[in-house]
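Working notes, beginning with the structure itself.
Every heavy atom of this structure was used, including side-chain atoms; hydrogens, water molecules and symmetry mates were not. Chain naming here is simple, since letters A, B, ... match the order of the sequence lines and numbering starts at 1 in each.
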Amino acid sequence: MIKISFPDGRVKEYPVGVTAHEIALSISEGLARNILSAKVNDQVIEINRPIRSDSRIQLLTWNDKEGKSTFWHSSAHLMAEALEAIYPDTRFGIGPPIENGFYYDVDLGGKTLSSNDLQAIENKMNELARQNNPYIRQEISKADAIAYFTERNDPYKLELLQDLEDGQISFYSQGKFTDLCRGPHLPNTGLIKAIKLTSLAGAYWRGDEKRQQLTRIYGITFPKQKELDEYLLMLEEARKRDHRKLGQELELFMFSERVGAGLPIWLPKGTALRQRLEDFLKQEQINRGYTPVITPHIGHKNLYMTSGHWEKYGADSFQAIHTPREGEEFLLKPMNCPHHCEIYGHKPRSYKELPLRIAEFGTVYRYEQSGELHGLTRVRCFTQDDAHIFCTPDQVKAEFLNVLDLTMHVIRKLGFEHFTAQISLRDPENKEKYIGSEENWIKAESAIIEATKEAGLETITELGEAAFYGPKLDFMVKDALGRSWQLGTIQVDYNLPERFQLEYIGSDNSKHRPVMIHRAPFGSMERFIGVLTEHCAGKFPLWLTPEQYMILPVSDKYIEYARIVNQGLRSQGLRGDIDDRTESIGKKIRDNELRKIPFMLIVGEKEQEQGQISVRKQGSGDQGSVSINDFMSMIRQEL
RNA sequence: GCCAGUGUAGCUCAGCUGGUAGAGCAGCUGAUUUGUAAUCAGCUGGUCGGGGGUUCGAAUCCGUCCACUGGCUCCA
């Protein structure tokens, strides 16, 4: 007998060679039906693999991330089987599960697929799934594996095999398909009930653009048709909320080929929205001791040689602007920090001035490859809600905590309930990629880790994701559809103060080097507004939205009264207008509904007589008639 | 930047295998004076992304540049 311990701490005895499926069965039949794979001593294995020694076990179902991964990994194999059946010359790259589904990179021998072909593949997958074929694991020697794929003339699998050690190689087969694979897999294909191949794309073999381009086929599968239907509905909802679509419909921003790709143009309504957002943060920052500054949009090349940005990014930036007579070189600023370092350095600083918090809504220009541009979330010109805090090493943690507090306040105010923080540290394997001393890096990394711990923030830590000049903390928010977005960022920097030779006179009357903290709670105004638009589906909070109300006279006869109401509301600080078109009231309601106006105020004979307005609220319809004062107190809590 | 796809009126889209453009909405004009998601009629509007080529003839075929979309790679 062996001892199996469960996540809840219970320990039960089972015969040697027991499988996860048998263990599940001993608990309940329902569990045995739903179990997809099992985590045994931190390794995920299939549910029919014998367990031969005392182990910790966690039974994985569709509700576990790793259970889904098993499901999708097996689905990738199923897709490969279908592809091989339809296109026998297919060679296979890799086919992993991803966050939502799976993909397989394949070489179709010059054949290009179109989205019409996906349906045929999907049909074949369904047919093969119904055969309910078992996934069979086979351990195989490296020599035999090489022989197998040599015979099948598959260079990709042969290359993968090179990196694997003999004795640790396994094949998985289902139906007529066999693949090199670590596993684990589902017991059989019949569990895969609902299949959708979602998209097609090119992908380089091993992510290297100098190598063969393969066809990547994305798909997603579910154990129940209903779950697929819900997923497709969610995708549909995401399409409706796309900020590029809503931005156009609500006239927030535009792009122009003539102005240039990736250069957003803010229309009046988008500008109103953005300025409100900026004003909110500016006020919040003044309350917290920040000092606003303004700096130019370009800077001398020497500035970026000093900062190190030229060395690191010069070749991949917009190229220098030359003055015609002197031949000087200027760069469009890709960051605000070098300018802010100059502000710090323009006079001798005392420790009594620190922390010095310099804030600027600074517009920066970065060359992004043409294929990267995407709506407002990836652009070549954007405005950071930037600030740099110069402080003593002793103040770092306290300042970091202040910034954490500001950031969380701002994110919550904008209606994001769920967020986590990612701590990005150096890649310990590639320390030469980073600028700055070992000692400084250790100091910076521990300051971040300690501060987030004290703030009680939920964090994940990623090695190798740090900026080249220092470690950072990124805020990830979850939007209304459960999608994660990276927004604000906080970065500790011991490097730039060094490069700019920044100093302050300490209480000991000698010179010290300040520490710099870069931070941007929104990140960029463009990206933030893009994400916010999708989060609230274009129905912005009342305090932000460009137009809070629209007065709809029932007919032209009541325009005069509408003007009086409008004046009353504006004098109370509300934003809105009169829809004075000669249209039916139904038409006006429809149009303003589509424009996502929060309040429609309908005025006709009744209202005029009683000095009231009939309130129609976005999302909940007719609210009845009230006086202007009652309306004001009704909405005041939302402002 | 790379791969694939797309580009027709302000917006959404039609236009089969080449015979030089069409609808709905929006806009304008007129009628209607309207009570909680589209009143009716008429009219205007396009060098079919740009500039080339093939052809008697190109929105349609070919190559090129630009932009957009989905990926890949990148992201201070």
Quiz prompt | Under-4.0 Å side-chain N/O to phosphate OP1/OP2 contact, A:Arg581 with B:rU33 | solution = no
Practice problem: In whole angstrom, give the distance that lies between atom OH of A:Tyr104 and atom C1' of B:rG71. | Solution: 19 Å
Quiz item: Would you call A:Arg378 and A:Glu372 a salt bridge, taking side-chain N to carboxylate O under 4.0 Å as the test?
Solution: yes
Exercise. Look at all strands and tell whether A:Ser317 reaches a base, only sugar-phosphate, or nothing, counting heavy atoms closer than 4.0 Å.
Key: base
Quiz item: Just checking A:Leu373: base, sugar-phosphate only, or nothing, at a heavy-atom cut-off of under 4.0 Å?
Solution: sugar-phosphate
Quiz item: Is there a donor and acceptor pair closer than 3.5 Å between the side chain of A:Glu372 and the base of B:rC72?
Solution: yes
Self-check item: Between A:Asn566 and A:Tyr549: side-chain donor-acceptor atoms closer than 3.5 Å
Solution: yes
Exercise. Give a yes-or-no answer on whether the side chains of A:Glu159 and A:Trp205 include a donor-acceptor pair shorter than 3.5 Å.
Key: yes
Self-check item: Atom pair distance, as rounded to whole Å: CD1 in A:Ile517 and P in B:rA76
Solution: 19 Å
Quiz item: For the base of B:rC75, is there a side-chain donor-acceptor partner from A:Arg366 under 3.5 Å away?
Solution: no
Exercise. Provide the distance between the two C1' atoms, one in B:rG22 and one in B:rG46, to the nearest whole Å.
Key: 11 Å
Exercise. Among the candidates B:rU39, B:rG35, B:rU33, find the nucleotide nearest to the side-chain atoms of A:Lys557.
Key: B:rU33
Quiz item: B:rC56 and B:rG18: how far apart are their C1' atoms, nearest whole angstrom?
Solution: 12 Å
Exercise. Go through the N and O atoms of the side chain of A:Gln369 and the base of B:rU73, and report whether any donor-acceptor pair is under 3.5 Å.
Key: yes
Practice problem: Measure from the side-chain heavy atoms of A:Pro334 and tell me the nearest of B:rC74, B:rG35, B:rA76. | Solution: B:rA76
Practice problem: State yes or no: are the ring centers of A:Tyr104 and A:Phe92 separated by less than 6.0 Å? | Solution: yes
Self-check item: Minimum-distance nucleotide (side-chain atoms of A:Lys587 versus B:rU73, B:rC75, B:rA26)
Solution: B:rA26
Quiz prompt | A:Tyr204 side-chain proximity, nearest of B:rC2, B:rA67, B:rG35 | solution = B:rC2
Quiz item: Quantified in whole Å, what is the P atom distance between nucleotide B:rU44 and nucleotide B:rA23?
Solution: 11 Å
Exercise. For A:Glu583 and B:rC28, give me the distance from atom CD to atom P, rounded to whole Å.
Key: 10 Å
Quiz prompt | Interatomic distance at C1', B:rA9 relative to B:rC25, whole Å | solution = 12 Å
Quiz item: In terms of side-chain geometry, is the basic nitrogen of A:Glu251 or A:Arg595 positioned less than 4.0 Å from the acidic oxygen of its partner?
Solution: no
Practice problem: Figure out the CG/P separation between A:Asp579 and B:rG35, and round it to whole Å. | Solution: 15 Å
Quiz item: Touch check for A:Lys588, heavy atoms < 4.0 angstrom, all strands: base, sugar-phosphate only, or nothing?
Solution: nothing
Practice problem: For A:His374, report the nucleic acid contact type (base, sugar-phosphate, nothing); a contact means any heavy atom under 4.0 Å. | Solution: sugar-phosphate
Quiz item: Closest nucleotide of RNA chain B for A:Glu605 versus for A:Arg206: which of these residues is on the 5' side?
Solution: A:Glu605
Quiz item: Within the structure shown, what part of the strands sits under 4.0 Å from A:Arg380 by heavy-atom distance: base, sugar-phosphate, or nothing?
Solution: nothing
Self-check item: Interatomic distance where CZ belongs to A:Arg378 and P belongs to B:rG71 [whole Å]
Solution: 13 Å
Quiz item: So which nucleotide does B:rU54 pair with, by the Watson-Crick or G-U wobble rule with both distances under 3.5 Å?
Solution: none
Quiz item: Donor-acceptor pair under 3.5 Å: do we get one between A:Glu607's side chain and the base of B:rG35?
Solution: yes
Exercise. Considering only NZ, NE, NH1 and NH2 on the basic side and carboxylate oxygens on the acidic side, decide whether A:Arg590 and A:Glu593 come within less than 4.0 Å.
Key: no
Self-check item: Pairing nucleotide - B:rA31, Watson-Crick or G-U, each distance under 3.5 Å
Solution: B:rU39
Quiz item: Can a side chain N or O of A:Tyr218 be found less than 4.0 Å away from OP1 or OP2 on B:rC72?
Solution: yes
Quiz item: When you match A:Ala467 and A:Val554 each to their closest nucleotide on RNA chain B, which lands nearer the 5' end?
Solution: A:Val554
Quiz item: Taking atom P of B:rG35 as reference, at what distance in whole Å does atom CZ of A:Arg616 sit?
Solution: 14 Å
Quiz item: Does B:rC75 have a Watson-Crick or wobble partner in any strand here, with both distances under 3.5 angstrom, and which is it?
Solution: none
Quiz prompt | Interatomic distance, A:Glu249 CD vs B:rU12 P [rounded to whole Å] | solution = 9 Å
Self-check item: Ionic contact status for A:Arg241 with A:Glu237, cut-off 4.0 Å
Solution: yes
Practice problem: For B:rG18, give its Watson-Crick or G-U wobble partner with both distances under 3.5 Å, or none. | Solution: none
Quiz prompt | Presence of A:Thr582 side-chain N/O under 4.0 Å of B:rU33 phosphate oxygens OP1/OP2 | solution = no
Quiz item: Roughly how far apart, to the nearest Å, are B:rU20 and B:rA26 at atom P?
Solution: 31 Å
Quiz item: Taking atom P in both B:rC61 and B:rC2, what distance in whole Å separates the two?
Solution: 24 Å
Exercise. Determine, using ring centers only, whether A:Phe318 and A:Tyr365 are less than 6.0 Å apart.
Key: no
Self-check item: B:rU12 versus B:rG53 - spacing of their C1' atoms, nearest Å
Solution: 33 Å
Quiz item: Can you tell me the Watson-Crick or wobble partner of B:rG7, both distances under 3.5 angstrom?
Solution: B:rC66
Exercise. Tell me which nucleotide among B:rA67, B:rA76, B:rU36 gets nearest to the side chain of A:Ala261.
Key: B:rA67
Quiz item: Under a 4.5 Å cut-off applied to non-hydrogen side-chain atoms, are A:Ile460 and A:Ile423 in contact?
Solution: no
Quiz item: Whole Å only: how far is the CD atom of A:Gln248 from the P atom of B:rU69?
Solution: 12 Å
Quiz item: Which part of the nucleic acid, if any, lies within reach of A:Ile585 when heavy atoms closer than 4.0 Å are counted: base, sugar-phosphate only, or nothing?
Solution: sugar-phosphate
Quiz item: Does the side-chain ring of A:Tyr313 lie flat on the base of B:rA76, meaning centres under 5.5 Å and planes less than 30 degrees apart?
Solution: yes
Quiz item: Looking for any heavy atom pair under 4.0 Å, which part of the strands does A:Phe255 touch: base, sugar-phosphate only, or nothing?
Solution: nothing
Quiz prompt | Whole-angstrom distance between B:rC48 and B:rG7, as gauged at atom C1' | solution = 10 Å
Quiz item: Using purine N1 to pyrimidine N3 plus N6-O4 or O6-N4 for Watson-Crick, or N1-O2 and O6-N3 for G-U wobble, both under 3.5 Å, which nucleotide pairs with B:rA59?
Solution: none
Quiz item: Hey, is the side chain of A:Ser199 poking within less than 4.0 Å of OP1 or OP2 on B:rG70, counting only N and O atoms?
Solution: no
Quiz prompt | Worked check of side-chain hydrogen bond (donor to acceptor under 3.5 Å, both in side chains) between A:Glu360 and A:His340 | solution = CA-CA 9 Å; A:Glu360 174 175 21; A:His340 290 184; 2.7 Å; yes
Exercise. Classify the nucleic acid contact of A:Gly586 as base, sugar-phosphate or nothing, counting any heavy atom under 4.0 Å across all strands shown.
Key: sugar-phosphate
Quiz item: Which nucleotide in the list B:rG35, B:rA76, B:rG71 gets nearest to the side chain of A:Met335?
Solution: B:rA76
